[in-house]
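Here the structure comes first, spelled out in structure tokens, and everything after it is commentary.
It should be emphasised that the depicted structure is a prediction, and the values quoted were computed from it without experimental measurement. Order of the sequence lines sets the chain letters (A, B, ...), proteins ahead of strands, with each chain counted from 1.
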There are 2 protein chains.
Amino acid sequence: MPDLIHDGDSAAAVSSLRSAVMLLGRRLKHQRVDESLSPTEMSVLGTLARCGSATPGELARKEHVQPPSMTRIVALLEAKGLVRLEPHPDDRRQKRVSQTEQAEAMLAESRTKRNAWLSHLAEGLDEDEWEKLRAAAPVLEKLAHL
Amino acid sequence: MPDLIHDGDSAAAVSSLRSAVMLLGRRLKHQRVDESLSPTEMSVLGTLARCGSATPGELARKEHVQPPSMTRIVALLEAKGLVRLEPHPDDRRQKRVSQTEQAEAMLAESRTKRNAWLSHLAEGLDEDEWEKLRAAAPVLEKLAHL
DNA sequence: CGTAACTCATTACCCAACCTAAATACCACC
DNA sequence: GGTGGTATTTAGGTTGGGTAATGAGTTACG
């Protein structure tokens with residue numbers, strides 16, 4: 001762990017990251033790609049799309065949410081027909097959560113909407129700034145999952 | 001607005017940014033630098049430290065929060081002795097909000113705590129990744145303020 | 001075996017941090 | 001001097017999480 005990391009620049013960057021993330025998070029809550037679907041619900045669908053299927057507990061750990069919250073989220077997604085719940089083959093305590101074809105379609109649609117939002121944001125940033133964001137995105141994701 | 005911006009990489013980056021920001025935001029809510037001070041309150045103090053003083057309305061606009069929310073936040077900060085409220089010299093509808101010496105001290109203390117948090121996170125990222133974060137931090141901040 | 005300890009999911013309840021709508025006080029302009 | 005617009009506040013509601021306690025199922029151990 002080099003001391004380079006603890007210089008003033010990094011301290012300022014962390015401070016800046018902190019406030020920017022909180023602020024952006026607040027705004028993203030409102031500018032949703034899909035109305036009637038909270039950011040966490042969206043995120044769960046994304047995770048399921050990547051992982052195929054998972055148990056509620058696994059999802060809770062991946063989204064850094066407590067199990068009861070994930071229970072509620074999964075129930076909402078099921079009510080919207082975006083997710084299917086099946087008994088776990090080996091362990092009758094657990095359940096298998098997997099996405100439906102409808103969720104697949106919704107994700108595709110959300111991708112186009114996201115492009116529209118992207119175009120809107122593009123007005124405010126130049127190509128160099130976008131490049132920095134693209135480079136940082138995977139790092140932020142890694143950071144978010146610790 | 002070049003078409004470069006609308007390629008698949010950027011769409012993926014936006015998607016990745018979205019979930020990472022929401023996730024990080026959720027976690028930052030819990031890992032606060034100072035207990036008993038919400039992220040937004042912290043952010044308001046930071047803004048005041050930069051700007052000197054402002055009216056509640058100005059603060060609401062800068063933090064992208066509705067005026068009633070800022071009223072409450074300012075009231076809480078005042079109750080904690082971190083902020084001072086004075087009548088506006090020119091307009092008796094408005095108020096001037098400025099930070100107290102106590103807030104100054106608290107911000108200094110929070111900076112050291114932030115460094116501790118930073119050291120903890122540093123374990124998970126290499127220098128190259130930090131460099132990307134440092135580069136992206138100001139862009140994220142710009143993005144957050146639209 | 002059988003029972004004790006643990007784990008997964010859930011239920012019930014709570015709380016923080018926002019929001020909108022409406023009220024109040026004030027300014028500014030014709 | 002009334003009228004429309006703006007700054008803040010009050011009142012009340014919603015949302016997206018959290019904690020504590022319960023029930024059902026599994027595992028380990030005497």
Side-chain angles (χ1 to χ4, degrees), chain A residues 19 21-32 34-45 53-80 83-98 144, chain B residues 18-19 21-32 34-45 53-80 83-97 144:
Chain A
S19 64
V21 164
M22 291 310 302
L23 208 52
L24 255 183
R26 243 192 333 265
R27 308 195 63 191
L28 282 173
K29 258 174 91 166
H30 297 288
Q31 303 193 359
R32 329 199 140 155
D34 189 304
E35 212 60 39
S36 88
L37 216 57
S38 85
T40 308
E41 291 176 272
M42 204 61 205
S43 183
V44 167
L45 284 184
S53 75
T55 69
E58 284 168 355
L59 287 174
R61 277 187 293 276
K62 282 186 201 191
E63 303 292 329
H64 285 99
V65 153
Q66 296 303 310
S69 304
M70 189 50 71
T71 294
R72 197 165 5 79
I73 290 166
V74 165
L76 288 175
L77 287 175
E78 191 192 18
K80 288 168 192 158
V83 127
R84 199 181 357 256
L85 273 140
E86 301 163 86
H88 194 284
D90 305 334
D91 186 340
R92 276 185 298 173
R93 288 172 305 180
Q94 303 184 52
K95 290 180 180 172
R96 279 223 136 252
V97 187
S98 54
Chain B
R18 236 186 92 87
S19 64
V21 164
M22 292 310 303
L23 207 52
L24 255 183
R26 224 168 18 238
R27 306 194 64 189
L28 282 173
K29 259 174 89 167
H30 296 286
Q31 303 193 1
R32 334 199 135 152
D34 190 304
E35 212 59 40
S36 89
L37 216 57
S38 84
T40 308
E41 291 175 272
M42 203 61 206
S43 183
V44 167
L45 285 184
S53 76
T55 68
E58 284 168 354
L59 287 174
R61 277 187 293 277
K62 282 186 202 193
E63 304 291 331
H64 285 98
V65 153
Q66 295 305 309
S69 304
M70 191 48 72
T71 294
R72 198 173 13 78
I73 290 166
V74 166
L76 288 174
L77 287 175
E78 192 192 18
K80 287 168 193 159
V83 128
R84 199 180 359 252
L85 273 142
E86 301 163 86
H88 195 284
D90 305 335
D91 186 339
R92 277 186 297 172
R93 287 172 305 180
Q94 304 183 52
K95 291 180 178 172
R96 290 237 123 235
V97 186

Atom pair distance, as rounded to whole Å: CG in B:D90 and P in D:dT8:
13 Å

Nucleic acid footprint by protein, nucleotides 13-20 of chain C - heavy-atom cut-off 4.0 Å, B for base, S for sugar-phosphate alone
----SBBB

Atom-pair distance (CG on B:L28; P on D:dG18), nearest Å:
14 Å

Are a donor atom and an acceptor atom from the side chains of A:S38 and A:E41 found within less than 3.5 Å of each other?
yes

Could you go through nucleotides 2-8 of chain C and list every protein N or O atom that sits under 3.5 Å from one of its N or O atoms, giving the distance for each pair?
from  : atom 1 : to    : atom 2 : distance (Å)
C:dT7 : O2     : A:R93 : NH1    : 2.7

Taking CG from B:L23 and C1' from D:dG16, how many angstroms apart are they, rounded to a whole number?
14 Å

Under a 4.5 Å cut-off applied to non-hydrogen side-chain atoms, are B:L45 and B:V83 in contact?
yes

Side-chain heavy atoms of A:P87 within contact of A:R92, under 4.5 Å:
no

If I take atom CG from residue B:L77 and atom CE from residue B:M42, how far apart are they, to the nearest 0.5 angstrom?
10.0 Å

Side chain to side chain donor-acceptor pair (under 3.5 Å) partner of A:S53, chosen from A:E86, A:R84, A:K95, A:R96:
A:R96

If we ignore hydrogens and angles and just use 3.5 Å, is the side chain of B:R27 paired with the main-chain N or O of A:A144 as donor and acceptor?
yes

Quick check against the 3.5 Å criterion: does A:K80 have a side-chain atom that pairs as donor or acceptor with the backbone of A:L37?
no

So side-chain hydrogen bond (donor to acceptor under 3.5 Å, both in side chains) across residues 54-65 of chain B, not counting sequence neighbours, yields B:S43-B:E63, B:T47-B:E63

